[in-house]
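Taking it in order: structure first as structure tokens, then the write-up.
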Number of protein chains: 2
Amino acid sequence: MTTIYDVSKLAGVSAKTVSRVLNEPDRVKTATREQVLAAMKTLDYSPNASARQLRLGGFSSIGLLLEDPASGYQSRFHQALLTACMEAGKYMTVELFEGVMPDWQARVDRFLTEGRVRDLILLPTLCDFTPLKDLLRERGARAVLIAPSVHDPHFPSVVMDDRAAARQIIEYLFSLGHTRIGHITGHPDHSATILRRSGVIEAYDARGLPRPKPELFASGDFMFKKGIEAAETLLSLPEPPTAIFAANDETAAAVAMVAHRRGLSIPGDLSVVGFDDAPIASAVWPQLTTIAQPYFEMARKVVHLVDTWDQQSTQSGFVSTYLTPHELVVRESSGPVLKG
Amino acid sequence: MTTIYDVSKLAGVSAKTVSRVLNEPDRVKTATREQVLAAMKTLDYSPNASARQLRLGGFSSIGLLLEDPASGYQSRFHQALLTACMEAGKYMTVELFEGVMPDWQARVDRFLTEGRVRDLILLPTLCDFTPLKDLLRERGARAVLIAPSVHDPHFPSVVMDDRAAARQIIEYLFSLGHTRIGHITGHPDHSATILRRSGVIEAYDARGLPRPKPELFASGDFMFKKGIEAAETLLSLPEPPTAIFAANDETAAAVAMVAHRRGLSIPGDLSVVGFDDAPIASAVWPQLTTIAQPYFEMARKVVHLVDTWDQQSTQSGFVSTYLTPHELVVRESSGPVLKG
DNA sequence: ATAACAAATGTCATCGATGTCATAATGCGG
DNA sequence: CCGCATTATGACATCGATGACATTTGTTAT
């Protein structure tokens, strides 16, 4: 690595002058500047960011741990967080993280030290991975949780009301005349899975209807492939549902594919509703009715929480959960039950 | 910010001891360690990454500039690059970048200094944005280009053969009996647009067929929405094509949607082929025949190029372009022309 | 030509951590 | 209880950059 001293030596000036060329070029005589620039080029010099930041009072980037960057949910949040960081003038460093990796603890350590990260953002399901959170607390790292399953007294979090949203969807389907509604659940490790499922049941209860039979619940994992299986199961029932609420949009897209293969028209023969308003929701035919999560607002809130962590934590260990509103987006994939 | 000195003062030990507690806990007496740990907790201490790295010989993360993280292409590469970085033990810091921003130069500067980035990765279309590349050279930053339109003598690059791939697709469609093939082009600023288009023409020429009429080329921009318009245009022709080659998968998905709305069956009435093998290609019905780009190999090569930059550049300013192979993935959306 | 002031450059200390080496505290055998 | 090996801790220099302040060089007015 070449340093500012190497350059200064070659250019025959002091290190400070080289520094000036870099930071306040106008304060250096043109001839000198040229010389310095030439020396920098010759040596392929690039300033050491660590030293610079140490001196200037470092800026650490926000760390994001991603389990599966291909998932619509995570990539959507990733994008929203990037935008929020940009608005806030911060940077985000991303790390792939899979809890199953045997050396995950070492990797987190490395991320915190070498990755120059102090603040972390945890998405589901990492936000519920207690060993990780314990390690972070031990290391004095800060974290903000997105959609954790339960309030964590140590880390602030930002959530949406999955249960209420699911209930709203079912009530919407009720209003279209559907009574036999299938539900494909999410990944069992994900708290939203339970919440969305119980929102479904809550809707039945609230309306005084008998709870749906167990066979109307098929288990998924938020992924397209498993969604195919689940849809096959539901549509093969002796009395198939007239509507299916899939736990997320990728699963809903899978339902749509299976329905098409079976010659069912959507929403004529089957209404399909998703959750998340992922990009795919508007890129499949028919476009999916879904719940739009307030990604951008949540991301902004998260970045803000990171920013104000100091004030937060000084309030004697009390951290808060912030609830953000969602929205039902009605598109083409849902419609009234056809009589007869 | 609390420093190691604050902790050492509170714990009544030297700074070095605090450092040891952090880095080699076994070399500190248990009682002392406890005290230090307690002090760290009280002061909510977290070590300054810049200082640590300055001392240890810094690690800079690789910077990725994204124009549109929502696009299938960019997010796919993003994911592949993350994986490659993980394999190589590096970190990636991501920045949203839009050339249209009036202060883009200042933002790049900030990214290089505050973002602790020395090496950058540029995806299309940024890899063809000359003012940016000039600025980077001026700043002594390093960059590796992915799929630039032309070889850049200053930066190494990794590319695939868009022209050959497009030609391969058309020849495949020829083999199914298609002769009236529509093409929806990509974004006009993207070099791949020209290459893929010329691959189409090349296929006709190679077969000795007359080139397709101009109306069979509809202009798109790689995005779903524009794809809808383009598909409408093509399918409204007096003599609509029997197959459409869309410049990417999102556009192809749009074609499929329009076809379905018009009651056309795929591939019975219309074959649809995409490009990229984006996630959406296998999440729509029918699943799309497409060109699989070697994302992961390209990403690995890119990270490797970043790693070996020194050896590269010492070879007196000569940088190389690496060509990686692609693959035609035949799925459900393409089939033979129905006779009669 | 010279004082007076501005511009250009240099010197030294500093940011917060850790490596090196020195010193203090402990343990152990006799 | 001594002497020596070992362990635990501390003092100081250092990483590469920049801020504060000092010094040199150049310019202008008289």
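From a predicted model like this one, the values you see are computed outputs, not experimental measurements. All values below were derived from every heavy atom in this structure, side-chain atoms included, with hydrogens, water molecules and symmetry-related copies excluded.
With sequence neighbours excluded, the residues that form a side-chain contact (heavy atoms from CB on, under 4.5 Å) with Thr42(B) are Leu10(B). For Asp68(A), there are no salt bridge (Lys or Arg N to Asp or Glu O under 4.0 Å) partners, not counting sequence neighbours. Considering only residues two or more places apart in sequence or on other chains, Asp6(A) meets the salt bridge (Lys or Arg N to Asp or Glu O under 4.0 Å) condition with none of them. For Tyr45(A), the ring-ring contact (aromatic ring centres under 6.0 Å, His included) test picks out no residue, with sequence neighbours left out. Looking at residues two or more places apart in sequence or on another chain, you find no salt bridge (Lys or Arg N to Asp or Glu O under 4.0 Å) involving Glu67(A). Arg137(B) is linked by a salt bridge (Lys or Arg N to Asp or Glu O under 4.0 Å) to Asp134(B), counting only residues two or more places apart in sequence or in another chain.
Within residues 33-43 of chain A, no residue approaches DNA chain D, by heavy-atom distance under 4.0 Å.
Rotation axes derived from the C1' atoms of the five outermost pairs at either end of the helix from dA1(C)-dT30(D) to dG30(C)-dC1(D) lie 30° apart, to the nearest 10°.
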Compile the donor-acceptor pairs under 3.5 Å between side chains in residues 27-36 of chain B and protein atoms, sequence neighbours left out, one pair per line.
residue: Arg33(B); atom: NE; partner: Pro25(B); partner atom: O; Å: 3.3
residue: Arg33(B); atom: NH2; partner: Val28(B); partner atom: O; Å: 3.4

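Applying the side-chain hydrogen bond (donor to acceptor under 3.5 Å, both in side chains) definition to pairs two or more places apart or across chains, those involving residues 85-95 of chain B are Thr93(A)-Thr93(B), Ser61(B)-Thr93(B), Glu87(B)-Arg300(B), Lys90(B)-Asp307(B), Glu95(B)-Arg107(B). Residue pairs meeting the salt bridge (charged side-chain N to carboxylate O under 4.0 Å, His left out) criterion with at least one partner in residues 145-160 of chain A, sequence neighbours excluded, are Lys133(A)-Asp152(A).
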TODO: Using a 4.0 Å heavy-atom cut-off, write out nucleotides 15-22 of chain C from 5' to 3' as B (base contacted by protein), S (sugar-phosphate only) or - (no contact).
DONE: BBBBBB--
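Side chains of Thr125(B) and His190(B): no donor on one and acceptor on the other come within 3.5 Å.
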